[in-house]
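Heads up, the thing below is written out as structure tokens.
A note on names: the letters A, B, ... follow the listed sequences, proteins ahead of strands, and every chain is numbered from 1.
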Number of protein chains: 2
Amino acid sequence: MATELDKIDFKILRLLQENGRITNLLLSQEIGLSPAPTLERVRKLEMSGFIKSYHALVDEEKLGLGIKTFIQVQLDFHKNNTIQIFLDEVNLIKEITECHHVTGQADFLLKVYVSDIKAYERLIMDKISKISVVKTFQTMMIMSTTKKEPIVPLEY
Amino acid sequence: MATELDKIDFKILRLLQENGRITNLLLSQEIGLSPAPTLERVRKLEMSGFIKSYHALVDEEKLGLGIKTFIQVQLDFHKNNTIQIFLDEVNLIKEITECHHVTGQADFLLKVYVSDIKAYERLIMDKISKISVVKTFQTMMIMSTTKKEPIVPLEY
DNA sequence: TATTTTTTAGAATTAAATTTGGTAATTAAA
DNA sequence: TTTAATTACCAAATTTAATTCTAAAAAATA
């Protein structure tokens, strides 16, 4: 199986990132092929892992998640398995939807969703600050999000 | 139209966030209704905006996007339309996929995708640092991402 | 309790996905 | 350069799913 993608494949990737539920018929028309080879290309992109999954995007505000933040966390590296301890705890906290290991002053950057400030205080007091290996953390509260592309920047 | 969601609606939201391409038939079996009312509920969730859109998730690494970073930006507020100038520039830079207005030392947090370090240097030198209202910025390079939920944390 | 409204299931219809078989184009080998 | 092999494609047929429709059941209201 050749893993080289041509322009048509990139176009398929773009269209499916834009609309994950586009019908195969429409997709085939957009890319200028008939339905059969279009479907075959999509299946190949799925099988080879270029397309990982499909997801519905929901309106968090409407669902009552009024508070979104990023938290920069610095760890205390006195134990030798500090990072694993931290990651295990993070995985138990459902309000944390993203966890990135980053360079810079902070060790980790977390993304958090909660309903309101009270819930945020509880998260901080009862969960984040109780993780033994956490040294310091700083909240960046998201006031607004002006750009959130569902598409990664590709050449084609 | 009542905007009250019941447990079945929340289950639909969860299942569609997990798998945006689940068939209506399967979805109906999962939630324990027949296909017709299941479809009607999904359409209502779409029409009322609880479901905003559907997207394919691609493998950025495989597509050659080896560098992912967050950039914290501080603006220079000497002009009175500083923020709008900044946002207009950000919208022109395709490598920036997210832009959040945040509290804390930084004014904005950007998420960036590029192919390699050379491309990152070009982004910084030719684009970010040339935005007139940018005072300072700091890169947090993402070394690994250990959690990235496609599902927002809901009660039900 | 009677009436209205809403929600649902099941059947019928429509549309889409998938498979199949054959052809053209490309690539590899002689 | 010719031939063989592979790959990609299209069109049509088939299968499967989505959608619509009708009537019954459940829930809400009077």
*asked:* Is the phosphate of D:dA18 approached by B:Arg43 (side-chain N or O, under 4.0 Å from OP1 or OP2)?
replied: no
_Of the listed nucleotides C:dT8, D:dC10, C:dA9, the one nearest the side chain of A:Leu33_ = D:dC10
*Which nucleotide, D:dT19, C:dA16, C:dT20, lies nearest any side-chain atom of B:Asn24?*
D:dT19
*A:Phe108 vs A:Phe86 aromatic rings, parallel, tilted or perpendicular, using cut-offs 30° and 60°?*
tilted
*To the nearest Å, how far apart are A:Ile31 CD1 and D:dC9 C1'?*
11 Å
*asked:* At 4.0 Å (heavy atoms only), tell me whether A:Thr23 reaches a base, stays on the sugar-phosphate, or touches nothing.
replied: sugar-phosphate
*Hey, would you say the A:Phe70 and B:Phe70 ring centroids sit under 6.0 Å apart?*
yes
*Applying salt bridge (Lys or Arg N to Asp or Glu O under 4.0 Å), run through B:Glu61 and B:Lys68 and close with a yes or a no.*
CA-CA 10 Å; B:Glu61 305 274 334; B:Lys68 286 172 275 186; 3.5 Å; yes
*Go through the side-chain N and O atoms of A:Glu18 and B:Tyr54 and say whether any donor and acceptor fall under 3.5 Å apart.*
no
_Whole angstroms only, please: what is the CG-P distance between B:Leu39 and D:dC21?_
13 Å
*Check the distance between D:dA18's P and B:Arg41's CZ and give it to me in whole angstrom.*
17 Å
*Which comes earlier along DNA chain D counting from the 5' end, the contact point of A:Glu40 or that of A:Arg21, where each point is its nearest nucleotide?*
A:Glu40
*Which nucleotide sits closest to the side chain of B:Leu25: D:dC9, D:dA18, C:dA9?*
D:dA18
